[in-house]
Chemist: 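Can you read through this structure? Questions will come right after.
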There are 2 protein chains.
Amino acid sequence: MTRADDVHRELRAALLSGTFPYGQRLVEEQLAERFNTSRTPVREALRRLEGDGHVVRDRSGGVRPNAPRVTATRELYAVRTVLEDLAVRTADPEKLEPLQEEWLELRSERDESPDFVYADESFHEAIAHASGNSATERYLHDINERIRVIRIHDFTTVDRIVTTIEEHLEILDALRSGKTDAGAALMRVHIERSAEVVERRVGELLTRMFEEERP
Amino acid sequence: MTRADDVHRELRAALLSGTFPYGQRLVEEQLAERFNTSRTPVREALRRLEGDGHVVRDRSGGVRPNAPRVTATRELYAVRTVLEDLAVRTADPEKLEPLQEEWLELRSERDESPDFVYADESFHEAIAHASGNSATERYLHDINERIRVIRIHDFTTVDRIVTTIEEHLEILDALRSGKTDAGAALMRVHIERSAEVVERRVGELLTRMFEEERP
DNA sequence: GAACGCAGCGCTGCATACAGAGTCGGATGC
DNA sequence: GCATCCGACTCTGTATGCAGCGCTGCGTTC
């Protein structure tokens, strides 16, 4: 674990939690001081975050947090839908047993943690993994990284969490009984529902964010 | 355009053309000398290439070219199929007119350049662009980058080039007359054919590469 | 003869110095 | 009062030095 790894991980977490306003430039030297290191590891972390799409550079070389946009989110959901469809259709049902157990437990626990988005991501990535296609897995992971900053606000109500858990279990039921088409259809509806909720909230969310930014 | 950009671009081209044997370690200092610069831009370029999937790091920090594998190619083709399907179905037919003109010309020219793979890529990326979904475009571009090293060997025969041109024109015909489903079906067949040809050749190709590598 | 240890070295990770591009604000001219 | 120019400052891009890790190969020991 190098310092560049640390900075990358911590800075990403900070970006996702909204620590840095979208307009504000991320200055290498300031970040170096903040993370008690030199500019070199910070530079490296920033380049990686740029590749991850979490920051963008302006033409003068400055780096800023990448503000999520409604259009981009919609586009990512369109891609996600077809990739999840592919994953579901090629997933090996036998590999889904531990996942089912895990989510049955989650249902009984009625976990309301604000980190639910991570649990949700791991559900979808587990299905991609069960498909045995590492490319699908990688691209879905990338999409998750990009929409996480929005999706965090998808699970702020208990209602959404409960619905999500039920839908996950329905999908697993279908897949484990070999009803692939049914599972794929359920998955499609599941993702469309999430897209709707997210889209409804992202507008006001961004408005609020940009208002906070201007003192 | 910084030196890191230059090194990134040139090194990527060198990797795709097979300049560096797959087993051989890419040493920062040697690359710096080769590109007439210092280690810093080389480091940055290597980090980006790592993110692009063109190089991999071993646990001791060394960087090596990422060898294409049959499995990985097959997985990438599976993802490509569903993304091209999405692109075709959402492409704006009106935006395809210049593309059709371009490929009608290509047909009459019977271009047999070894760079045909780039023309082919630009066809598929143009359709993704016409879909107006930049995420689709980005992921398809990424896939093209990853399979190019293999696909270069897809177009070594005139036959494959002629077939490809005809199929491209059929797809455009269907899409421009509003027959979306037909276009999508044609595209699917088109890509499956390419996958078959590639898969048939990739085995022997890799064998040859690894033989050359051992003196 | 095999296994272990140690020294040498090659390479990466990190820190820091320097140069040049970009930016902002103040002074100056109209 | 407004536009413009100039200079100081800020920040990035690049070069380079240094420390430490890990590998290799040789010698030693059992």
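Since the structure is predicted, the reported quantities are computational estimates derived from the model, not experimental observations. Below, read A as the first sequence line, B as the second, and so on, with proteins coming before strands; counting in each chain starts at 1.
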Chemist: Any idea which heavy atoms bring A:Val7 and A:Ala45 closest together, and the distance?
Modeler: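 Scanning both residues, the minimum pair turns out to be CG1-CB, 3.6 Å.
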Chemist: Verify whether one side chain among B:Gln24 and B:Arg64 offers a donor that lies under 3.5 Å from an acceptor in the other.
Modeler: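 Checked: B:Gln24/B:Arg64 side chains show no N/O donor-acceptor pair below 3.5 Å.
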Chemist: Rounded to whole Å, please give me the gap between CD in B:Glu50 and P in C:dT12.
Modeler: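 About 12 Å, once rounded to whole Å.
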Chemist: What's the CZ-C1' distance between A:Arg57 and C:dG22, to the nearest Å?
Modeler: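 It works out to 14 Å between those atoms.
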Chemist: B:Glu44 near the nucleic acid: base, sugar-phosphate alone, or nothing, with a heavy-atom cut-off under 4.0 Å?
Modeler: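 Here B:Glu44 touches no strand at all.
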Chemist: Could you tell me the boundaries of the chain A footprint on DNA chain D, defined by atoms under 4.0 Å from its heavy atoms?
Modeler: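 In short, chain A contacts DNA chain D from D:dC11 to D:dT14.
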Chemist: Describe the nucleic acid contact of B:Thr40 in one word from base, sugar-phosphate, nothing, applying a heavy-atom distance below 4.0 Å.
Modeler: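 Since a base atom lies under 4.0 Å of B:Thr40, the category is base.
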Chemist: Judged by each residue's nearest nucleotide on DNA chain D, which is more toward the 5′ side, B:Ser38 or A:Leu26?
Modeler: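 Looking at DNA chain D, the more 5' nearest nucleotide goes with A:Leu26.
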Chemist: Under a 4.0 Å threshold between the charged nitrogen and the carboxylate oxygen, would A:Arg89 count as salt-bridged to A:Asp85?
Modeler: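 Judged by the 4.0 Å cut-off on N to carboxylate O distance, A:Asp85 and A:Arg89 do form a salt bridge.
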Chemist: Is it the case that the ring center of A:His8 lies less than 6.0 angstrom away from the ring center of A:His54?
Modeler: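 Not close enough - the centres of the two rings lie 6.0 Å or further apart.
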Chemist: Determine the contact category for A:Arg3: base if any of its heavy atoms lies under 4.0 Å from a base atom, sugar-phosphate if only primed atoms, P, OP1 or OP2 are that close, otherwise nothing.
Modeler: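 Here A:Arg3 touches the backbone only, sparing every base.
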Chemist: With DNA chain C as reference, determine whether A:Arg25 or A:Thr2 sits nearer its 5' end, using the nearest nucleotide of each.
Modeler: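 Per heavy-atom nearest nucleotide, the more 5' residue is A:Thr2.
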Chemist: So which one's nearest nucleotide on DNA chain C is more toward 5', B:Arg47 or A:Arg39?
Modeler: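 That would be B:Arg47.
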Chemist: Starting from P on C:dC14, measure out to CD on A:Glu28 and report it in whole angstrom.
Modeler: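 The distance from CD of A:Glu28 to P of C:dC14 comes to 15 Å, rounded to the nearest Å.
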Chemist: Could you check whether A:Arg59 gets within reach of a base, just the sugar-phosphate, or nothing at all, counting any heavy atom under 4.0 Å?
Modeler: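 Nothing, no nucleic acid heavy atom in range.
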Chemist: A:His124 and A:His190: aromatic ring centres closer than 6.0 Å?
Modeler: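 Yes, close enough.
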Chemist: Determine the minimum heavy-atom distance between A:Gln100 and A:Leu169, stating which atoms define it.
Modeler: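 It is O-CD2, 4.2 Å.
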Chemist: Is any side-chain N of the basic residue among A:Glu29 and A:Arg39 closer than 4.0 Å to the acidic one's carboxylate O?
Modeler: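 No, no charged N to carboxylate O under 4.0 Å.
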Chemist: Using a 4.0 Å heavy-atom cut-off across all strands, classify B:Leu46 as base, sugar-phosphate, or nothing.
Modeler: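 Since no nucleic acid heavy atom lies under 4.0 Å of B:Leu46, the category is nothing.
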Chemist: Of all the choices, C:dT12, C:dT23, C:dA15, which nucleotide is nearest to the side chain of B:Arg43 once you look at every atom?
Modeler: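 In terms of side-chain proximity for B:Arg43, the closest of C:dT12, C:dT23, C:dA15 is C:dT12.
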